[in-house]
Amino acid sequence: MRLTRFFLPVLRDTPKEAEIVSHQLMLRAGMIRQSAAGIYSWLPLGLKVLTKIGNIVREEQNRAGAIEVLMPTIQSADLWRESGRYEAYGREMLRIVDRHERDVLFGPTAEEVITAIVRDSIKSYKDLPKNLYNIQWKFRDEIRPRFGVMRGREFLMKDAYSFDLTPDDARKTYQRMFAAYLRTFARMGLKSIPMKADTGPIGGDLSHEFIILAETGESQVFCHKDLINGAVPTVDTDFDGDLSGIFQAWTSQYAATEDMHDAAKFESDVPADKRVSARGIEVGHIFYFGTKYSEPMGARVQGPDGKMVTLEMGSYGVGVSRLAGAIIEASHDANGIVWPVPVAPFEVGLINLKSGDKDTDAACDGLYGRLQNAGIDVLYDDTDDRAGGKFATMDLIGLPYQLIVGPKGVKAGEAEVKDRKSGARETMPLAAALERVIKSVLNQRVLA
RNA sequence: CGGAGCGUAGCGCAGCCUGGUAGCGCACUUGCUUCGGGAGCAAGGGGUCGGAGGUUCGAAUCCUCUCGCUCCGACCA
């Protein structure tokens with residue numbers, strides 16, 4: 001993408017409504033613009049990140065055997081009356097009346113919708129198990145939205161819903177999602193820690209929150225230090241096989257959010273020098289809740305013995321839009337965002353130091369074409385702005401690698417390669433610079 | 001919803017106390033000089049001062065109401 005054709009409204013000053021660094025940087029880097037309290041437009045740069053995050057989530061869900069669907073944002077109140085949640089959910093649910101005076105709502109979650117679909121479509125145990133997910137906008141009318149996209153009212157969520165014949169099968173599904181989540185967050189460069197969690201209004205008795213440690217996190221969390229660098233399931237993990245080992249490894253050490261924290265157990269189970277008490281950002285939350293919805297909504301299949309069996313369910317959420325903020329909280333410096341390659345809006349920034357100079361333009365255009373041919377997602381700064389501003393912008397928007405080309409370099413047949421994270425800069429022949437950048441990007445595209 | 005604060009140009013702010021018809025920095029436009037890590041000079045464009053009502057000869061400024069946004073607390077991907 002040529003910067004002269006892109007839409008990248010960057011801000012030099014920090015808008016005063018933004019309190020935390022991820023919100024400030026998302027506004028400054030031209031990723032988002034606020035539309036109302038907790039409601040944002042995603043500008044091109046932000047949308048690219050959101051899409052990449054969503055795709056990683058999607059790949060790992062697919063790998064773990066979940067199947068993608070797309071459910072509506074607007075749901076019928078009648079479905080929620082069936083489950084009993086229409087009254088129970090409270091004012092966080094945005095309720096709307098349509099022109100025919102029917103009660104509808106903007107979905108805060110989709111247990112009812114998916115349960116109705118599965119109930120009407122699946123009649124035999126032979127069709128189980130099923131795990132269906134979608135990545136869709138949700139609306140929760142939070143009392144107090146804050147922290148930019150980290151606690152918006154409208155947000156993009158991946159929500160998966162599993163249906164199994166037996167509690168034992170359901171627990172295996174839970175473990176599958178558990179492992180998939182570890183991979184999902186690791187691929188975005190995040191160190192997530194699954195922690196025992198409260199089940200809240202979703203209900204159920206088995207639940208984990210996936211937490212990213214960060215000073216600006218909303219919740220207080222407690223865990224064993226070794227969990228911070230726990231082993232992430234590798235790419236060759238057999239998701240059809242037994243994943244209880246992974247589950248055991250991660251859940252045998254103490255890890256709990258404030259709601260579930262047991263101070264006495266924390267002190268008896270974890271040696272003093274291994275006790276971590278910190279703030280955390282919740283990026284995922286998984287639940288096993290049995291028949292909480294299938295029972296009232298009549299989601300049953302016929303078992304092998306001909307008897308009707310009520311489905312065992314679980315649900316599994318990932319805050320896709322929140323992750324954009326969480327990744328920035330975890331990865332930034334004084335100059336701006338530092339994107340991990342897999343979620344970077346562009347993998348490489350190509351800087352033409354003197355746009356309009358024939359030789360420099362020719363060299364840059366050539367590099368641009370070759371980067372594109374190599375499948376690299378590149379932002380080509382072909383504006384005639386001054387060099388300093390270009391560097392500052394590239395640093396602000398956090399592109400992992402910068403390829404810097406100016407008249408002097410072109411004359412010498414050289415270009416500079418800059419690593420955003422380390423700040424290291426190296427001048428080398430054009431071909432070598434190109435190769436270096438491409439190789440670096442390809443090496444980091446898949447982090448787990 | 002309780003407490004605190006803020007709405008003046010795209011962003012950051014001053015002006016308000018003590019009423020006299022709107023200003024600064026950045027950004028933007030034009031020209032010249034610059035050009036290798038947020039350039040300099042000059043000339044410009046852009047504002048129903050969140051909205052409504054009131055007081056006054058006159059309101060960004062004073063009064064009343066209202067809307068929006070942010071922060072702290074109770075709720076949550």
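Note that this is a predicted model, so its numbers are computed, not measured.
Listed here is the closest heavy atom pair of E112(A) and L79(A): CG-O, 3.6 Å.
Look at CG on D13(A): it is 10 Å from P on C26(B), rounded to the nearest Å. For the pair I351(A) CD1 and G38(B) P, the interatomic distance rounds to 12 Å; values are reported in whole Å. In this entry the distance linking CG of L50(A) with P of A77(B) reads 19 Å, nearest Å. The nearest whole Å value for the distance from the NZ atom in K390(A) to the C1' atom in G36(B) is 12 Å. Atom pair D141(A):CG and C1(B):C1' shows a separation of 13 Å (rounding to whole Å applied). If you measure from atom CZ of R12(A) to atom C1' of C26(B), you get 6 Å, rounded to the nearest angstrom. Atom CD of E19(A) is separated from atom C1' of C71(B) by 6 Å (rounded to the nearest Å). Regarding D381(A), its CG atom lies at a distance of 14 Å from the C1' atom of G36(B), rounded to whole Å.
When the side-chain nitrogen and oxygen atoms of R146(A) are compared with OP1 and OP2 of G73(B), one or more of them lie within a distance under 4.0 Å. Taking only side-chain nitrogens and oxygens, R386(A) comes nearer than 4.0 Å to OP1 or OP2 of A39(B). Proximity of R144(A) to the phosphate of G2(B): no side-chain N or O atom is located under 4.0 Å from OP1 or OP2. For Q402(A), no side-chain nitrogen or oxygen approaches OP1 or OP2 of G37(B) to under 4.0 Å.
Distance from the side chain of I404(A) is smallest for G36(B) among the nucleotides C1(B), G36(B), U70(B). Between G36(B), C11(B), G38(B), one nucleotide has an atom nearer to the side chain of L11(A) than all others, and that is C11(B).
Using a 4.0 Å heavy-atom criterion, one finds that G406(A) contacts the bases of the nucleic acid, with or without backbone contacts as well. Contacts of E142(A) with the nucleic acid, taken as non-hydrogen atoms under 4.0 Å apart, include base atoms. The residue K418(A) sits close to a base: some heavy atom pair falls under 4.0 Å. Residue-level contact check: A36(A) touches the backbone only, with heavy atoms under 4.0 Å from sugar-phosphate atoms and none from bases. Residue contacts for G423(A): at a heavy-atom cut-off of 4.0 Å it reaches no nucleic acid atom on any strand shown. Looking at heavy-atom distances under 4.0 Å, V320(A) makes no contact with the nucleic acid at all. At the heavy-atom level, K16(A) lies under 4.0 Å from the strands shown only through sugar-phosphate atoms. Counting any heavy atom pair closer than 4.0 Å across all strands shown, G284(A) reaches sugar-phosphate atoms only and no base atom. Nucleic acid contact class of E209(A) (heavy atoms, under 4.0 Å, all strands): none. Within the 4.0 angstrom heavy-atom criterion, only backbone atoms of the sugar-phosphate kind lie near F147(A); the bases stay farther away. Using a 4.0 Å heavy-atom distance criterion, S219(A) is classed as making no nucleic acid contact. Residue P407(A) is classed as a base contact, given a heavy-atom separation below 4.0 Å to a base.
If you take atom P in G37(B) and the same atom in G10(B), they sit 33 Å apart, rounded to whole Å. To the nearest whole angstrom, the two C1' atoms, one in A39(B) and one in A27(B), are 15 Å apart. For the C1' atoms, the distance from G7(B) to C49(B) is 10 Å, rounded to whole Å. Comparing the C1' positions of C71(B) and U48(B) gives a spacing of 30 Å, expressed to the nearest Å. Using P as the reference atom, U64(B) and U18(B) are 15 Å apart when rounded to the nearest Å. On the P atoms, U61(B) is 23 Å away from A4(B), given to the nearest whole Å. Nucleotides C72(B) and U55(B), compared at atom P, are 41 Å apart to the nearest Å. As rounded to the nearest Å, G47(B) and U34(B) have C1' atoms that lie 33 Å from one another.
Taking for each of K408(A) and R91(A) the nucleotide of RNA chain B with the nearest heavy atom, the 5'-most of the two is the partner of R91(A). Mapping E154(A) and V10(A) onto RNA chain B via the closest heavy atom, the residue that lands nearer the 5' end is V10(A).
If you check G37(B) for Watson-Crick or wobble pairing at under 3.5 angstrom, you find it has no partner at all. Under the Watson-Crick or G-U wobble criterion, with both distances below 3.5 Å, C57(B) is paired with G20(B). Base pairing of C1(B): its partner is G73(B), meeting the Watson-Crick or G-U wobble criterion (both donor-acceptor distances under 3.5 Å). Across all strands shown, A9(B) has no partner, as no Watson-Crick or G-U wobble contact with both distances under 3.5 Å is found. When both distances must be under 3.5 Å, the Watson-Crick or G-U wobble mate of A27(B) does not exist. Pairing for U48(B) is absent, judged as Watson-Crick or G-U wobble with the two contacts each under 3.5 Å.
Heavy atoms from other residues, nucleotides or ligands lying under 6.0 Å from CZ of R436(A) number 12 at most. A 6.0 Å sphere centred on NZ of K130(A) holds more than 12 heavy atoms belonging to other residues, nucleotides or ligands. Enclosure of atom CZ in R370(A) is not indicated, since only 12 or fewer non-hydrogen atoms of other residues, nucleotides or ligands lie within 6.0 angstrom. The environment of E215(A) atom CD is sparse: at most 12 non-hydrogen atoms of other residues, nucleotides or ligands sit within 6.0 angstrom.
Y86(A) carries R81(A) over the face of its six-membered ring, with the cationic atom under 6.0 Å from the centre and within 45° of the normal. Relative to the six-membered ring of Y254(A), K265(A) misses at least one condition, a distance below 6.0 Å or an angle of at most 45° to the axis.
With hydrogens and angles ignored, a donor-acceptor pair closer than 3.5 Å exists between the side chain of R28(A) and the base of G38(B).
Separation of the Y89(A) and W80(A) ring centroids falls under the 6.0 Å cut-off.
Here the rule is side-chain hydrogen bond (donor to acceptor under 3.5 Å, both in side chains) with N352(A), and of D361(A), T383(A), D381(A) only D361(A) fits it.
Remark: ring of F155(A) stacked against base of A77(B); centroid gap under 5.5 Å, plane tilt under 30°.
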